[in-house]
Structure formats: C-alpha cells, structure tokens
2 protein chains.
Amino acid sequence: MVRNSESHNKDVKKGLYLVSTPIGNLDDITLRAIKTLEVSDYILCEDTRTSSVLLKKYKINSKLISYHKFNERKNLLKIIELLKNGLVISLISDAGTPSISDPGIILINECIKNNIDIFPIPGPSSVISAVSISGF
Amino acid sequence: MVRNSESHNKDVKKGLYLVSTPIGNLDDITLRAIKTLEVSDYILCEDTRTSSVLLKKYKINSKLISYHKFNERKNLLKIIELLKNGLVISLISDAGTPSISDPGIILINECIKNNIDIFPIPGPSSVISAVSISGF
C-alpha cells in the first residue's frame, strides 16, 4: 500500500510537516496548511474517516496513512524510510496542532535522531483559543 | 474618526472577535480569519503599519483603530460603547493569537463584565508551534 517511490514534489522542502487542522469549524485552516497537504506524498492521520471530511472539502487527494497511538511504533520505521528517501509527509491529528496532545512525539524524536527536517505549519490550538478569551 | 453608526453586517454575530494572524509567513492565516476581518466594522491592531501589510495582501478594507498597550485604557470606553451598539469589532496583534502575550486582556475583561460576546478565531501561536516540533 505504501510505495517507496521518489517524491513528485520537486519544489518543496523534503521532510515531515506538522500541519494544524480545524478544531470545530472547517474554515479554521490556514492557506499554507491547505497548500502543504496538497503537495504531500502522504498524509499521516489519526482517523482517516475524520480527516477525509476535511480533505474532501478542500479537494486534497494526497494518499492517507493511518497513524494513531495503537500503530505509531509499528509504522515508525517505514515512515522514517520514506522520509529518508526524500518524500514529503504531513502529520495531522483529528483536530488542532499535532503532537500537542495527540500522536506524533515518537515520530518527531525519531526524525530528530535521523536529522530529518521537521516543519511546523501553525494553526488552531484548542488550549490557546480557550486561554485567549478567558480574561486570565 | 471613530463613528458610532450601526453595523453594516447584519448576518454576523455582534461582538468582539479575537483573530489570530500569521507569525512569519503571510499564508499562515485561516479562511475564517480572512472572512472575519473582511466583515468587521473596525479592526483594533497593535501597529497599523504592520497590520496594513497583511490586510492589503488579502484586500481587506475594514477601518483600523490603533490599539496598543499605551492607549489600551484610553480607548476602552469608546470601544465598549461601539460593541454595545452592535458593531462587529476584531482585535488582532502584530502576530499570533491576540491577548496571549499582547494587549487585549483589559478589553476582554471589560467585555465579560458587560456581557458582550467574545469569539476566538483560532490560528497560529508561536508557543504551540515551538512546542509541537520540540519532541518534548
């Protein structure tokens, strides 16, 4: 299912992109997040059914790989291999900023160990949204 | 300069919108942030020169009010009056999520006291972006 071919995106920096996705309203996605998901060779997502709703809305046809806390270790080596071969891979969670309270930490640490570039694509975070309106 | 007229946006919920703006790359803005800024009667911004670059790029022509830590208290009553009269007002900072480490807290607390609705429009936060790629 996962092919180890060369990336078809010559103009994009290779590596792992942590792409923030909406936390309730599908319009809470940045222009750069949409562009990054479009040019990704693979998108790792917690629940492919949840993410399909978002990706369908924005006509993003990149291939999905299921990546959740129960298969995070199992898929790790294959994903690192793909990244080392120069593919562009995005990690998204069901909602918000990946790795904050979602899967991703194991993969990120493995990328750091292997000198694979990691790029954050900033966007919605439920924690920050709640704090911002709290009048703390 | 600030007119106390009725809002021209009949279909938008009245109140204060805390709109997150880019933290480096101008494409790091959500679709909902752009729409919200477009329909705002006024946009409160830390530095009108900084925000003008962003607003010009997205052809947003809403009126700007300078709102920074040195005039936050001075402008407070006027802004609360505008909000009570049903205008749609957005607060943005130079970058990121307003009120997190920027002006806004005094206004937000005054809105809470006066039962004025506050809506967060989630988006980039430098804190969350940094943490997400850290492999913490």
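Note on naming: letters A, B, ... go to the chains in the order of the sequence lines (proteins, then strands), and numbering restarts at 1 for each one. Bear in mind the structure is a predicted one, so any value in this text is a computation, not a measurement.
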*Name the option with the most non-hydrogen atom pairs under 4.5 Å to chain A; the candidates are Leu26(B), Ile106(B), Leu18(B).*
Leu18(B)

*Answer with side chain, backbone, both or neither: which region of Ile23(B) has an atom nearer than 4.5 Å to a non-hydrogen atom of chain A?*
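Interface part for Ile23(B): side chain.
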
Portion of [X] that has a non-hydrogen atom of chain B nearer than 4.5 angstrom:
X	answer
Ile34(A)	side chain
Ile29(A)	both
Asp28(A)	both
Ile108(A)	side chain

*From Thr30(B) OG1 over to Arg32(A) CZ, what is the distance, rounded to the nearest 0.5 angstrom?*
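Reported value, rounded in 0.5 Å steps: 14.0 Å.
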
*Taking non-hydrogen atoms and a cut-off under 4.5 angstrom, which of residues 110-118 of chain A neighbour chain B?*
Ile112(A), Ile118(A)

_Taking ring pair (Phe, Tyr, Trp, His ring centres under 6.0 Å) as the definition, give me every residue that meets it alongside Tyr17(B), ordered by chain and number, with sequence neighbours left out._
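Partners of Tyr17(B) by the ring pair (Phe, Tyr, Trp, His ring centres under 6.0 Å) criterion, ordered by chain and then number, come out as Phe119(B).
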
*For Ser90(A), check side-chain hydrogen bond (donor to acceptor under 3.5 Å, both in side chains) against everything at least two apart and list the hits.*
Ser40(A)

*Does Lys35(B) have any side-chain hydrogen bond (donor to acceptor under 3.5 Å, both in side chains) partners at least two apart in sequence or in another chain, and if so, which?*
Asp27(A)

*asked:* For residues Val53(A) and Leu31(B): do they belong to one hydrophobic cluster (side chain heavy atoms under 4.5 Å, members Ile, Leu, Val, Met, Phe, Trp, Tyr)?
replied: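 Linked, Val53(A) and Leu31(B) end up in one cluster.
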
